[in-house]
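Since the structure comes first, as structure tokens, the remarks are kept for the end.
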Amino acid sequence: MSDAIKHECGISMIRLLKPLEYYKEKYGTAFYGVNKMYLMMEKQHNRGQDGAGFASIKLDMEQGERYMSRVRSAESQPIQDIFAQINDRINTAMLENPEYVDDVAAQKKHIPYIGEVLLGHVRYGTFGKNSIESVHPFLRQNNWMHRNLIVAGNFNMTNVNELFDNLVQIGQHPKEKADTVTVMEKIGHFLDDAVAKLYKQIKKEGFTKLEASPLIAERLNLGKILRKAAKNWDGGYAMSGLLGHGDSFVLRDPAGIRPVYYYKDDEVVVVASERPAIQTVFNVPFEEIHELDPGHALIVKKSGKMDIKQILEPTERKACSFERIYFSRGSDKEIYQERKELGKLLFPQILESIEDDIKNTVFSYIPNTAETSFYGMVKEAQNHLNRKKEEQILSIGRKITSEELHEILEVRPRIEKVAIKDAKLRTFITQDSSRDDLVAHVYDISYGSVKKGDNLVIIDDSIVRGTTLKKSILKILDRLLPKKIVVVSSAPQIRYPDCYGIDMAKLEDFIAFRAALDLHKDRDTMHIVEGIYKKCLTQVDSADKDVINYVKEFYEPFTPEEVSEKIGELLSSSEIKAEVEIIYQTVDNLHKACPKNLGDWYFTGDYPTPGGNRVVNRAFINFYEGKSERAY
């Protein structure tokens, strides 16, 4: 994506089902789980590079022995940093105590981080500061083993204020309003309550306080706790957690907005935000990795028994389509095919734009994640040419000469790597005039790849703000002297803010919104804009379930083609000589390409939870009142 957009985060959970001695004997190390967690987090580093955290639980430790470990980092390479710390602790302990090397029991007793239950997290700081306090996993400590709670998630809640007030009403004093804290404390409240009730019940049965502890662990109903805690959550989430005694869980939101995959065999239970991470790290077939159903939780008891339980009633499935277009790793079997299909489905619009002149057109992509959709686009161009060649050859028949045949067969799509990103180029001057010149050189071009007068078709994952296109890409591409530059987005026009974990919070950031606003000004229909603002104001105090997304009316007077044409004007500065056209994917074709991930609120305004409508209306109010702040 030429515009840098941040994603919330990624989770990894590993539950070892055998004693640590088993892994030492079979794989040569009792640190098998730690090593696998490092790989799992590295394979998901695309989901977050602002922070990383790791936590582990050791099962069946004696009183007075440490059974929980956690390490977090907000350094520039956080995954490497936390595992460097872990390795340092392990290596130091081994050097100082060589007798530990072949003694797994001693390793478990004395060395931190080794354990049977492991939780990893990578984070993008889309909201709040990139400080160590914002990095997951979060820890809620208690002297009762069962009440210790470690939480990490890939999520964003739209109703943080409501959740905060709920905690206040039950007598708590939360230290901040961050959704991670409110969610953890909500789970913690019902966990405390369940443990207290079980303790009373077990005492009545005649057991001692000491005997009660393992019975609480055995009887604790984690599904019931999650059902009570998540009752009023509104958002997209994949919430993972560990309890001090060894239970673990991952809960997915009812609309399936955020992704969760899992795998189980007789050695491990593994959960991750991305299927390829599990597939690669554990070398298991695609078919053996399952998607956790929306509204369900994967729960592993201390005993190792795994269950999938429905926690909340699933709603209409609205799995995030942006995961498929851009954020998730393209090595996933389904995502790879979907991205190719996105490129293929754009070709008819491209062909119309270049007036069927493939011979004088160069096809390329803006590095690097658009490469897969580029393959789909080019393959469809080849299919189109093959059909034309077949018609030409058949029309001439047996009289065709070798020269004519050669001339027909010679035509093929011209493929070049035109744009090259200088990833390490930094803009260090703050004055706008100087800085803009530096920004313009973030991308470089392959000189000679395009002939003067050619069409240049270049595909990107999505065009969100258009800033990099205007300030850098289009200017540098224009130096090749093409007749026309066609910029193609494999995603539809992004018109509405996200509130479920992707950093797209302000309407005025979107080039599609600014284009529609200009169209309102051009057509003297700003009274419609004012009317939408007034309608949004009337709903400020309404319950989320009653709120209507009035911002849809902002786009209704215009066709997608009219908005795209205006975007082309906005992105073309006066110094660009080539004609510039912007082509966006249609929403219908997006759904054809990604049939299992129909969450399209960025493009349509059809939010999967009631809180989304409140957020988009608040974003419009902020825009109209000139407030540069988030809507949630």
Side-chain angles (χ1 to χ4, degrees), residues 9-20 22-24 26-27 29-48 52-59 79 82-83 86 113-122 136-137 150-154 222 237-243 246-252 256 258-293 296-309 323 328-329 331-335:
C9 27
I11 57 170
S12 308
M13 192 176 82
I14 298 174
R15 171 61 155 91
L16 302 179
L17 299 175
K18 304 280 190 183
L20 294 178
Y22 173 91
Y23 305 94
K24 166 74 171 169
K26 183 171 181 178
Y27 299 105
T29 175
F31 295 94
Y32 172 83
V34 177
N35 293 338
K36 290 296 188 185
M37 180 57 77
Y38 169 67
L39 293 171
M40 290 281 287
M41 291 171 69
E42 279 289 7
K43 292 297 179 185
Q44 296 185 105
H45 78 272
N46 54 298
R47 303 186 72 84
F54 168 93
S56 66
I57 300 282
K58 301 179 182 186
L59 301 180
I79 300 173
I82 62 173
F83 282 95
I86 291 170
Y113 309 117
I114 186 171
E116 293 89 349
V117 196
L118 309 123
L119 182 61
H121 189 269
V122 291
H136 301 205
I150 301 172
V151 171
N154 169 22
L222 198 43
Y237 49 88
M239 198 70 61
S240 56
L242 316 178
L243 304 189
D247 285 3
S248 55
F249 69 88
V250 177
L251 171 62
R252 191 180 188 192
R258 299 268 70 91
V260 184
Y261 297 91
Y262 69 94
Y263 165 76
K264 181 186 184 299
D265 60 22
D266 63 341
E267 293 182 351
V268 292
V269 176
V270 190
V271 182
S273 294
E274 304 237 7
R275 179 165 39 202
I278 302 174
Q279 202 172 345
T280 301
V281 172
F282 289 88
N283 189 25
V284 293
F286 172 92
E287 295 76 18
E288 292 186 19
I289 300 169
H290 307 284
E291 188 174 358
L292 184 61
D293 288 334
H296 285 66
L298 180 148
I299 296 171
V300 186
K301 290 293 290 178
K302 176 182 177 290
S303 63
K305 184 177 184 293
M306 187 195 90
D307 278 319
I308 306 292
K309 292 186 177 180
E323 293 278 354
S328 293
R329 292 176 76 90
S331 55
D332 183 283
K333 178 182 174 182
E334 287 184 346
I335 292 173

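One is the number of the first residue; the rest follow in order along the sequence.
You'll find the side chain of L17 reaches within 4.5 Å of the side chain of K264, heavy atoms only. The side-chain heavy atoms of V268 and F282, taken from C-beta on, include a pair separated by under 4.5 Å. Using a 4.5 Å heavy-atom cutoff, the side chains of K333 and Q279 are not in contact. Side-chain atoms of I308 and D293, non-hydrogen and from C-beta on, never get closer than 4.5 Å to each other. Residues L59 and K302 have side chains in contact (heavy-atom distance under 4.5 Å, counting atoms from C-beta outward). Counting only heavy atoms from C-beta outward, the side chains of I335 and R329 never approach each other to under 4.5 Å.
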Practice problem: I would like to know whether L298 and V269 meet side-chain contact (heavy atoms from CB on, under 4.5 Å); could you show each step before the answer? | Solution: CA-CA 10 Å; L298 180 148; V269 176; 4.1 Å; yes
Exercise. Give the C-alpha distance, both sets of side-chain angles, the deciding distance and a yes or no for side-chain contact (heavy atoms from CB on, under 4.5 Å) between M306 and R15.
Key: CA-CA 10 Å; M306 187 195 90; R15 171 61 155 91; over 6 Å; no
Practice problem: In sequence, state the C-alpha distance, the side-chain angles, and the governing distance for M40 and V270, and then conclude on side-chain contact (heavy atoms from CB on, under 4.5 Å). | Solution: CA-CA 10 Å; M40 290 281 287; V270 190; 3.4 Å; yes
Exercise. Output, in order, the C-alpha distance, side-chain angles, deciding distance and verdict of side-chain contact (heavy atoms from CB on, under 4.5 Å) for M13 and H121.
Key: CA-CA 9 Å; M13 192 176 82; H121 189 269; over 6 Å; no
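Closest approach of A297 to L251, counting heavy atoms only: CB-CD1, 4.0 Å. For the pair P259 and A238, the tightest heavy-atom approach, listed with the atom from each and the gap, is O-CB, 4.0 Å. Between Y261 and I289 the shortest heavy-atom distance is CB-CG2, 4.0 Å. For the pair P276 and S331, the tightest heavy-atom approach, listed with the atom from each and the gap, is CB-OG, 3.5 Å. Between S273 and C9, the shortest heavy-atom distance links the atoms OG-O, 4.4 Å. Closest of all the heavy-atom pairs between I57 and L243 is CD1-O, 3.9 Å.
Between R47 and E323, at least one side-chain N (NZ, or NE/NH1/NH2) sits under 4.0 Å from a carboxylate O, which counts as a salt bridge. Between D247 and K301, at least one side-chain nitrogen of the basic residue sits less than 4.0 Å from a carboxylate oxygen of the acidic one, meeting the salt-bridge criterion.
Note that OG of S12 and CD of E42 are 11.0 Å apart. Values are rounded to the nearest 0.5 Å. Rounding to the nearest 0.5 Å gives a distance of 10.5 Å between CD1 of I150 and OG of S240. In this structure, the separation between OG on S56 and CD1 on I14 is 11.5 Å, given to the nearest 0.5 Å. Here the CD atom belonging to E116 is positioned 13.5 Å from the NZ atom belonging to K18, to the nearest 0.5 angstrom. Rounding to the nearest 0.5 Å gives a distance of 11.0 Å between CG of L16 and NZ of K36. Residue Y38 holds its OH atom at 10.0 Å from CD1 of I82, rounded to the nearest 0.5 Å.
Here the two rings, on F83 and F54, have centers that are under 6.0 Å apart.
With a 6.0 Å radius and a threshold of 12 heavy atoms from other residues, nucleotides or ligands, D266 has its CG atom above the threshold. The 12-atom threshold is not exceeded at NZ of K43, counting heavy atoms of other residues, nucleotides or ligands nearer than 6.0 Å.
A donor-acceptor pair under 3.5 Å is absent between the side-chain atoms of R258 and the main chain of N154, judged by distance alone. No side-chain donor-acceptor contact under 3.5 Å links Q44 to the backbone of A272. Of the possible polar contacts, one joining the H136 side chain to the G153 backbone as a donor-acceptor pair under 3.5 Å is found.
Considering E291, E287, E334 in turn, E334 is the only one that fulfils the salt bridge (Lys or Arg N to Asp or Glu O under 4.0 Å) rule with R275.
At a cut-off of 3.5 Å, with distance as the only test, a side-chain donor of E267 or Y22 sits close to an acceptor on the other residue.
Classification of the Y32-Y23 ring pair by plane angle, with boundaries at 30° and 60°, yields parallel.
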